[in-house]
Amino acid sequence: VTGADVTVPAADRAAPPVSRERREGFEWAWSQPTGIIGAIRTIDNIPIATKYMATGFAFFLLGGLQAALMRIQLGTPENTFLDPETYNQIFTMHGTTMMFLFVIPFIEALANYMLPLILGTRDLPFPRLTALSYWTYLFGGIFLYASFLFGAAPDGGWFAYVPLNNRQYSPGINMDFWDIGLSVAEVSAMGVAAEMIVAMLRMRAPGMSLDRMPLFAWAMLVTGVMVIFGFTPLIVGTVLLELDRKGLTSFFVPDAGGEPLLWQHLFWVFGHPEVYIMFVPAVGIVSQVVQTFCGRPVVSHTLMVLAIIATGFLSFGLWVHHMFATGLSYTAMGFFTAASLVIAIPNGIQVFSWIATMWSGRPVWRTPLLFVVGFLVIFTIGGITGVMVAAVPFDWQVHDTYFVVAHFHYVLIGGVVFPLFAGLYYWLPKITGRMMSERLGAWSFGVMFVGFNVAFFPMHIAGLLGMPRRVYTYPAGLGWELPNLISSLGAYVFATGVLLTVVNFARSLRRGAKAPPDPWRGDTLEWSVTSPPPNAQFAHLPVVRSRHPLWEQDSLAATDAETRRLMEPLESAPTRWRGALVVDALDGSPKAIVHMPRRSPWPFILSVAFVFLFAAALAERMWLVTTGLVLAAVGLGGWFWPLETERRALEEIPTRPDDGRLPLAVGGPSANGWWGTWVFVAVLATALATTIASFFYLAATPTGWPDERPAGLLEAAMAAGGALMAGSSAWMAIQCIRMERPLLQGVSVTLAVVFTALSIWFGVDAWTAGGYRPADSAYDSAVLSVIGFQWVSGAIVLVMLAVAALWAWLRPRDPRGHGVLWNSALVAGFAAVSWLVALGTLWLTPGLW
Amino acid sequence: MTTDTRRDLPAALAAFLGAPAVWALHLFVSYALVALACSTGWDGIRVALAAVTIVFAAAAAWSGVLAWRAWRRAGAEGLADAADPAPGWRGLTMLAGIVLAAIFTLVIIFAGLPPLFVPVCG
């Protein structure tokens, strides 16, 4: 253990003395509920993230078990250990589990735990959303694995290509489990992403301007944005696929004018960013580890930030390189080769920056740094084979062979799993309060590193020798026996290395040395609190004046009187409710105080409701739908019920103080909810864009597209008009708040509700008037997707506005109600724009082609 | 210089998102043009793609020039805080404008090259 001499955490040393009463009040405010009921009601990021990580790691072990079974099967030619059907299920679930149930949730859980500590705040901005995301993810994962109980585990590949996974060729419920379980897992990932984005922009330590934000935070900010824009198309895609599989539509059915390649686009426009969604956080982890263990700042921090951002963008411009063998035009492929090659530049910046940091620093070879070195070696090899397959002619030679399997395991295990292990060895002492064994850690690393290369390097050779992917066995005599046998042996060595870390972890919990606050002499704020951290994280909020506060600042206390005065209401306070600080997104100056909910059972109830609704989508039973809807209504009602603690907050701190104190941010553009709503609107806009793009994509393959404009356009225009009126009325209502005209405010919101209802009514009319038959026609399906999206967004607006109307009539002057109004007006405005886009799309279509 | 969120946030967003947005638009427009040309047999596609590439590459490069000028105007010492060698959030924003413009101008040019060498609808 190094650095054990520092036993009083830096954050505590900076804290000014407060009265005992205040300290006890503060501890009450941030105390956790106990027992089983408590576990359901807790919404604090620390307990939730801990469960999240444990669940994610359990799925990692399950996915690894599946890999082990596959390697037994492939170890020798013509093996009969697994039958073809089981093999299909296992390789599908291996990919699905690792991608959706392990990597993304685990990274997000780690971020969920560490971010408030690193940013110097007390929790994430939407604690109830954290809880909802976790429970939804847990139930979604269980749902997916429940398929094994029915002998119907998904078997069509983690990519679910059509027509293989159409109703015709995959009639069982296997892929329905996949479709539905996946959507659940994705929704939860997006919930956490929204949290991270708002946390990074609003909830940092005072003084932490953008350029002082640690690299892990930058990486998670970019990751959050990528999740929002990357996962949404896949959710839309899985909904379309599920509708097809139910026989309701024919988006991907060629006989009806559908287009199987559309699915590949929808899948990979998610699937490629996904690779970077997993890798970018790793960049953040590696940067923190390299920095700490080399005892110096990462070389060219600013370039590193920009490389992370550039990677995030470019990752959205190379998905077609998964489709080079589908017969696209040369130029179309060329566009995507460009981005596939250029992304090597930011990745190169990152790799060279880490190497330069190690070169010029004084590396201390602890386990986390070992894993980083393993990452650098393996990931660079994977990156080089990546540049190789980015070239179309080379890709054609190795497409769908084991060369590609080798490539992406080098990228994913090298680029994600090794950094995650580095991160675990780095942060677990903070989380558990116990040190891990360095010796076992080094052994685990060595065994994993050797095992990995022995397992995956021969796959390059097997692939070059022509061995295809996804085969359950292969004949002898093709020269594939030896590489496969070596791979299988290597896989067991690798698994042994992973188990050594599990043993190390279990051992450290029982017998590990107590971890000091800052065992590694780190530079970021998480090392300024005790290990494990207190539930409130920071009773005294640290004041940041440097990019590496623990290295470069004498104290984390405020040095100027003005900051001290502003921060005083948060010094081991508030005591009767939970409060946190909101800062300026750019310069990190204190802006406002926000109220945080303390505990709530409703996220759990709501996620149970989701389970019923998703089961209903699978089993098509009315009682499931009813139970789900009732539970959802109860859950939402409870969630939006006014909180007693928020009332106390409003009593204590004015929303518009006239003496220069920090205001309480409740409702409207100063509140976190408004920023969260913007993220939600970004999700809706991405979903709309996906729908419209799919529409035009199908129109470009014009089998069976009508020559005249569809019927029902008048009704659609009325619906759009209704949505516009609803949006305007909602904005009027906001103006009424400013002018303090409560009656007019109530009338305006009510009008907005009525117009939204009318808009939905006409929207349904637009559909029925057209006499569409989506089951037989891709065009009709495309119309359904465009109009159906409006129904969904209309329904969301209706619920939100109804709540706002309730507030406006009952408590017109309450700022909490104003928040609901602002947020619903924003979504209503989006719904209006969305209807106009839909109208234009329907109007433009057939005549043009 | 104090931060004025109403003025500074849009400027920062433009610096971080400008050039990438131009690139995304270029990709979208080029892809749509190729799809259109290949389904209608339009033979002016090469010239159109070249023109589109030049316009978009120029736009992305221009955003970098704007950021560069802002950087020069501010002056290196005006950006950094004396106690902290970091460039300050303003400096970060301007550097983002310069570096991202360089990277994305390059991608746009790269994406514009293939139509010059290979058949457009092969």
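Here is how names work: the chains are called A, B, and so on, in the same order as the sequence lines, proteins then strands, and each is numbered from 1.
With sequence neighbours excluded, no residue forms a side chain to side chain donor-acceptor pair (under 3.5 Å) with Thr686(A). Partners of Val837(A) by side chain to side chain contact (heavy atoms under 4.5 Å, CB included), not counting sequence neighbours, listed by chain and number: Leu688(A), Ile692(A), Val833(A), Thr841(A).
Interface with chain A: from residues 20-33 of chain B, residues Pro20(B), Trp23(B), Leu27(B), Ser30(B), Tyr31(B) qualify, criterion being any non-hydrogen pair under 4.5 Å.
Of the two parts of Ala35(B), neither the backbone nor the side chain holds a non-hydrogen atom closer than 4.5 Å to a non-hydrogen atom of chain A. For a residue to count as touching a neighbouring chain, one of its non-hydrogen atoms must lie under 4.5 Å from one of that chain's; by this rule Leu49(B) touches chain A with the side chain only. Only the side chain of Leu100(B) comes within contact range of chain A, with at least one heavy atom under 4.5 Å from a heavy atom of that chain.
Residue pairs meeting the disulfide (SG to SG under 2.5 Å) criterion with at least one member in residues 302-336 of chain A, sequence neighbours excluded, do not occur.
Note: Leu314(A) leads Ile345(A), Ile309(A), Leu314(A) in heavy-atom pairs under 4.5 Å with chain B. Among the candidates Val320(A), Leu341(A), Val342(A), the residue making the largest number of heavy-atom pairs closer than 4.5 Å to chain B is Val342(A). When Leu306(A), Leu328(A), Leu210(A), Leu586(A) are compared by the number of non-hydrogen pairs under 4.5 Å with chain B, Leu586(A) comes out ahead.
Close placement of the Trp705(A) and Phe695(A) rings is indicated, their centers lying within 6.0 Å of each other.
Checking side-chain atoms of Ser287(A) against main-chain N and O of Leu215(A) turns up no donor-acceptor pair under 3.5 Å.
Ala671(A) approaches Arg202(A) most closely through the heavy-atom pair C-NH2, 3.6 Å.
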